[in-house]
Every structure is written in structure tokens, then in C-alpha cells.
Amino acid sequence: MSVTSIKSTAVPRRIGAWILQSTVAAAFFAAGAAKLAGAAYMVQLFEQIGLGQWFRYATGVVEVVGALALIYPGLASLGGLWLTGTMFFAVLTHLFVLHSRPAPAIVLGLLNALIVYLRRDELATLLRVVAKRV
């Protein structure tokens, strides 16, 4: 594969990744902000979960921080990992605690996994930097 063909495939991949990241970041920022603002439906949802409203605030912070990481240059892969893990536990919560459909959490988790895949080079670089410091 020539350098020209590598560059020609890398540019659309990066543009697609940025579009996906900004869309997913907007969804997580909105959800996290609703939790932090105390939207009635979020308060009710976290009452059903049964861990208290502190968990709503913690989840809101996790989502807002993850959304910001998705759009901050160099941190998108970590934000994607962070939010993929969050959605894994959201799926479990929907299935075993709320007994509701986990489809939105599954879709968001898969989209974040795709972001991690698209930004795998960035993640590898971050891991090398951390490994050198340890």
C-alpha cells in the first residue's frame, strides 16, 4: 500500500471519527446535564435504581467528563473507553435492576467502542507514554 493511499483513507476516517465523536459527545453531555440539573425523569429513574440521588450526580459527572474527553484532541480514545464501560454497566442496570429495554445503552456503548477502534492509534500512543512513565 502506498503512502498516498494510506493518506487518502486516513483523512475520511478521521473526519468520520470527528463527526461520530461530536454526535455521541452531544448525547452524553445532554444526558449528563439532565442528571446534574435534576430533571424529573432522571430523579425518578435513579429512585428506581435504588442507590440514592448521589449516584445520579456521579453518573452525570461521568457522562459530562466523558463527553468532554470525546471532543478534546488526544483524549477521544480514553473518553470512548470511559463511556463504553459506563454503558456496559447501564445495560446491566436496565436488564437486572430496572427490567427495561437496554437498546439505547447498547447502541451508545457500541458507538463508543467504534470511536475507540477509529482512534486506536491514539490509544496506542497514550499507552506507550504511560508505560514509559511506569
Side-chain angles (χ1 to χ4, degrees):
M1 186 175 265
S2 71
V3 174
T4 306
S5 67
I6 291 172
K7 286 183 181 180
S8 66
T9 58
V11 171
R13 185 181 88 178
R14 292 185 86 53
I15 291 170
W18 274 109
I19 292 169
L20 178 61
Q21 287 165 223
S22 60
T23 303
V24 172
F28 275 99
F29 190 84
K35 288 173 181 73
L36 294 173
Y41 67 95
M42 289 296 181
V43 172
Q44 181 183 6
L45 178 69
F46 280 83
E47 281 295 323
Q48 291 175 344
I49 292 172
L51 293 177
Q53 293 303 307
W54 70 269
F55 189 58
R56 173 175 55 86
Y57 288 111
T59 304
V61 168
V62 164
E63 291 178 347
V64 168
V65 167
L68 294 174
L70 283 177
I71 59 172
Y72 190 85
L75 293 181
S77 59
L78 288 179
L81 279 175
W82 174 272
L83 293 171
T84 299
T86 302
M87 289 300 97
F88 173 78
F89 289 108
V91 168
L92 294 179
T93 301
H94 278 282
L95 289 173
F96 300 113
V97 177
L98 299 171
H99 306 289
S100 61
R101 294 182 51 218
I106 291 171
V107 170
L108 285 169
L110 291 173
L111 289 174
N112 277 293
L114 178 58
I115 290 167
V116 174
Y117 176 74
L118 292 172
R119 296 292 185 176
R120 63 192 177 277
D121 300 336
E122 174 185 290
L123 184 59
T125 300
L126 285 169
L127 291 174
R128 279 193 297 275
V129 169
V130 170
K132 285 181 183 179
R133 292 186 182 187
V134 173

Check your understanding: So if you build clusters from Ile, Leu, Val, Met, Phe, Trp, Tyr with side-chain heavy-atom gaps below 4.5 Å, do Phe89 and Met87 land together?
Key -> no
Please evaluate residues Leu110 and Leu114 with respect to the criterion side chain to side chain contact (heavy atoms under 4.5 Å, CB included), reporting the C-alpha separation (whole Å), side-chain torsions for both, the decisive distance (0.1 Å), and the verdict.
CA-CA 6 Å; Leu110 291 173; Leu114 178 58; over 6 Å; no
* Report yes if the side chains of Ile115 and Leu111 come closer than 4.5 Å at any heavy-atom pair, otherwise no. => no
Hydrophobic clustering (ILVMFWY, side-chain heavy atoms < 4.5 Å, transitive) - are Leu51 and Phe46 grouped together? yes
Of all heavy-atom pairs linking Ile71 and Ala25, the shortest is CG2-CB, 3.7 Å
On a heavy-atom basis, the closest approach of Pro102 and Val91 is CB-CG1, 4.0 Å
message = Do Asn112 and Phe28 have side chains that approach each other closer than 4.5 Å (heavy atoms only, starting at C-beta)?
response = yes
Are Val11 and Leu118 connected in a single hydrophobic cluster, I mean Ile/Leu/Val/Met/Phe/Trp/Tyr linked by side-chain heavy atoms less than 4.5 Å apart?
-> no
Between Ala113 and Thr84, the two heavy atoms sitting closest are N-OG1, 3.3 Å
**Message:** Would Arg128 and Arg133 count as a side chain to side chain contact (heavy atoms under 4.5 Å, CB included) here? Give the steps.
**Reply:** CA-CA 9 Å; Arg128 279 193 297 275; Arg133 292 186 182 187; over 6 Å; no
So CG of Leu75 and CD of Gln21: to nearest 0.5 Å the spacing works out to 10.5 Å
Looking at side-chain heavy atoms only, is the closest gap between Met42 and Glu47 below 4.5 Å? no
Tightest non-hydrogen contact, residues Leu70 and Trp18, listed as O-CZ3, 4.2 Å
Shared hydrophobic cluster for Leu92 and Val62 (ILVMFWY, side-chain gaps under 4.5 Å)
no
Rounded to the nearest 0.5 angstrom, the CZ-CG distance for Arg119 and Leu126 is 11.5 Å
Heavy-atom closest pair (His94 atom, Ala105 atom, distance to 0.1 Å) is CD2-CB, 4.4 Å
Taken in chain and number order and not counting sequence neighbours, the residues that satisfy side chain to side chain donor-acceptor pair (under 3.5 Å) with Arg101 are none
Taking every heavy atom of Glu63 against every heavy atom of Gly32, the minimum-distance pair comes out as OE1-N, 3.2 Å
Do Tyr117 and Val107 belong together in a cluster built from hydrophobic side chains that touch within less than 4.5 Å?
-> yes
CH2 of Trp54 to OG1 of Thr59, rounded to nearest 0.5 Å, is 7.5 Å
Task: Note, Leu108 side chain near Leu83 side chain (heavy atom, < 4.5 Å) - done: no
